[in-house]
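Data block below; observations after.
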2 protein chains.
Amino acid sequence: MEHRLDEIDRRIIHALMDDARNVSAPTIAEDVSVSPGTIRNRIAQLEDRGIITGYHASIDFERAGDRLTNLFMCNAPVSERETVARRAQVIPGVTNVRELMTGRRNLHVLAVGEDTDDLRRIARSLSDLGIEIEDEVLVQNETTHSYAPFGPNDGERAETVTDFISLSGDAEVAEVTVERGAPIAGISLERAVREGVLDDDSLVIAIERDDSVLTPHGSTEIQPDDIVTVFSRGGVDEETIETFRGE
Amino acid sequence: MEHRLDEIDRRIIHALMDDARNVSAPTIAEDVSVSPGTIRNRIAQLEDRGIITGYHASIDFERAGDRLTNLFMCNAPVSERETVARRAQVIPGVTNVRELMTGRRNLHVLAVGEDTDDLRRIARSLSDLGIEIEDEVLVQNETTHSYAPFGPNDGERAETVTDFISLSGDAEVAEVTVERGAPIAGISLERAVREGVLDDDSLVIAIERDDSVLTPHGSTEIQPDDIVTVFSRGGVDEETIETFRGE
DNA sequence: GATGAAATTCTTATCGC
DNA sequence: GCGATAAGAATTTCATC
């Protein structure tokens, strides 16, 4: 009954962790070379076996009406931890609960509130359950990602984008590693812009090559393994990144 | 541009946080009494506005091949926190990163590893980024939930199930609050079983009423607001819970 | 695990307020 | 700009091999 996961299961998990809503069974099926029905069966099995426990949208509650996200780090007696964890989950505002194996702060409760008063209400609800709040912090940002080892193993494919900063307005700066076979590799910046390979709104502002940093000019050629810094006034979108990515 | 969310947006967010994959636009549309197309447009807007940031499957990695989930609580200089957070995200195995506003442990990194060696590799990767690991703990369990205040406001509808414990095998024990209008309310246990209202595999083992605990017999009648403890050898499924829930 | 028909849902374009 | 509507494409469901 305790079947191990095969390649199909792993790829399904990877795909659904990455995007649970907009990935269809046929899409995954093509990647793994089986029929869509098989993907569907496997997904149902993974759900039945309790491996896939749910699909949840991630929400930026700060943008969604100026709400606060707070992390309560709590102490619950080990013998009751599972029970109080379950009761904490249903407190209105609580969106995530982590039970930790050891330590004094063995219960992390993530909660969203309209304001600090609302968070106090949640704190009181936790206390009422016999949970001791050891520390609490506002959460600035949270991101969730797929489990890379379950992803496609096309070689050593490192992530292309190594850094990423949003500036005022829609402008963004991204640092990307140029892959072999990337559309922009081997041609000059001037030509890249002229031929539309590089977006008009994007500007290569630095090139890191062999541990030294070059200042790019029109005649500068981008090479594989260069780490280029790209500024884009309208935001660095997926299409721009593709320019630096191999096929 | 900074429009506040209306009831439609809130209900969409609630629905997608609860189940991002198996909820269709028409389903939500019916709940809110608008056309499916509108729901679709709103979802696209919420994504564009950066309020919905993604849809992720939740995976129980312990069941998925005996992997370990570990939480690294780290310290990153505030000035570099955003940058290192972004770099930490792409370390293979890292599935979640929380940036916290204040405190010494202002970066929580959740990572999955095949074994402790694998986790050490991830820890080393974090250190290489200049992140100081202050503490680390194995995660036993994690659950994610919808944001209740965005849910349907049909009265004060408290959660029916207040506690839930899995026993050996498939057996489970659940503690549920009986709602007004529930199928089982007002009839004796014996009759409930006879008429199929209560599952054959389910057994009411305790009734908490007015702060005292009753021992149930065949002639005992379940009343609204009773907190009943149900044991089921095959697992307490949604159908069983419905027995205690109002229409 | 694959196949095929039927129901549902999603995409897209178009119209009206 | 926002929501409703309708046609065609794609996906999911279900039974069957």
Side-chain angles (χ1 to χ4, degrees), chain A residues 1-59 63-65 146 150 152-153 169-170 234-235 237-239, chain B residues 1-59 64-65 146 150 152 237-239:
Chain A
M1 168 69 208
E2 262 292 347
H3 293 293
R4 280 190 63 80
L5 305 180
D6 65 3
E7 180 67 12
I8 299 176
D9 294 320
R10 288 197 292 267
R11 293 291 288 275
I12 289 174
I13 290 174
H14 182 81
L16 293 181
M17 282 185 81
D18 189 53
D19 188 338
R21 190 170 174 82
N22 302 307
V23 174
S24 67
T27 309
I28 304 175
E30 204 167 344
D31 284 357
V32 206
S33 307
V34 290
S35 77
T38 301
I39 299 295
R40 229 168 272 295
N41 286 337
R42 293 299 192 96
I43 291 176
Q45 280 174 37
L46 289 169
E47 290 172 354
D48 288 344
R49 288 163 65 188
I51 291 172
I52 295 177
T53 60
Y55 309 96
H56 307 283
S58 297
I59 305 296
R63 295 195 185 185
S146 199
F150 280 3
N153 20 337
D170 289 330
D237 54 9
E238 193 57 35
E239 195 184 347
Chain B
M1 169 71 208
E2 261 294 348
H3 293 293
R4 281 190 63 79
L5 304 180
D6 65 5
E7 181 67 12
I8 300 176
D9 294 319
R10 288 197 292 267
R11 293 292 287 276
I12 289 174
I13 290 174
H14 183 81
L16 293 181
M17 282 184 81
D18 189 53
D19 189 338
R21 191 172 174 81
N22 301 308
V23 174
S24 66
T27 309
I28 304 176
E30 204 168 344
D31 284 357
V32 208
S33 306
V34 290
S35 78
T38 300
I39 298 296
R40 230 168 268 295
N41 286 336
R42 293 297 192 95
I43 291 176
Q45 281 175 35
L46 289 169
E47 290 172 354
D48 288 344
R49 288 163 65 188
I51 291 172
I52 296 177
T53 61
Y55 308 96
H56 307 282
S58 297
I59 305 296
S146 198
F150 280 2
D237 55 9
E238 192 57 34
E239 195 185 347

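All values derive from a computational prediction rather than experimental measurement.
- The separation between B/Arg21 atom CZ and D/dT13 atom C1' is 14 Å, rounded to whole Å.
- DNA chain C lies under 4.0 Å from at least one heavy atom of each of the following residues of residues 25-46 of chain B: B/Ala25, B/Pro26, B/Arg40.
- Within a 6.0 Å radius of CD in B/Glu30, no more than 12 heavy atoms belonging to other residues, nucleotides or ligands are found.
- Nearest-nucleotide assignment on DNA chain D puts the 5′-proximal partner with B/Asp6, out of B/Asn22 and B/Asp6.
- Note: A/Ile28 CD1 to A/Leu16 CG = 5.0 Å, rounded to the nearest 0.5 Å.
- Using a distance-only test at 3.5 Å, with no hydrogens or angles considered, a donor-acceptor pair links the side chain of A/Ser146 to the main chain of A/His14.
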Could you list the donor-acceptor pairs under 3.5 angstrom formed between side-chain atoms of residues 34-43 of chain A and any protein atom two or more places apart in sequence or on another chain?
residue	atom	partner	partner atom	Å
A/Ser35	OG	A/Thr38	N	3.4
A/Ser35	OG	A/Thr38	OG1	3.1
A/Arg42	NH1	A/Asp6	OD1	2.9
A/Arg42	NH1	A/Asp6	OD2	3.1
A/Arg42	NH1	A/Asp9	OD1	2.9
A/Arg42	NH1	A/Asp9	OD2	3.2
A/Arg42	NH2	A/Asp6	OD2	2.9

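- Nearest heavy-atom pair, A/Ser58 versus B/His56, reported as atom, atom and distance to 0.1 Å: OG-CD2, 3.1 Å.
- One atom, CD of B/Glu7, and another, C1' of D/dG3, lie 17 Å apart when rounded to the nearest Å.
- The CD1-C1' distance, from A/Ile8 to C/dG1, rounds to 9 Å in whole Å.
- A/Arg21 places a side-chain N or O within donor-acceptor distance of the main-chain N or O of B/Val23, the cut-off being under 3.5 Å.
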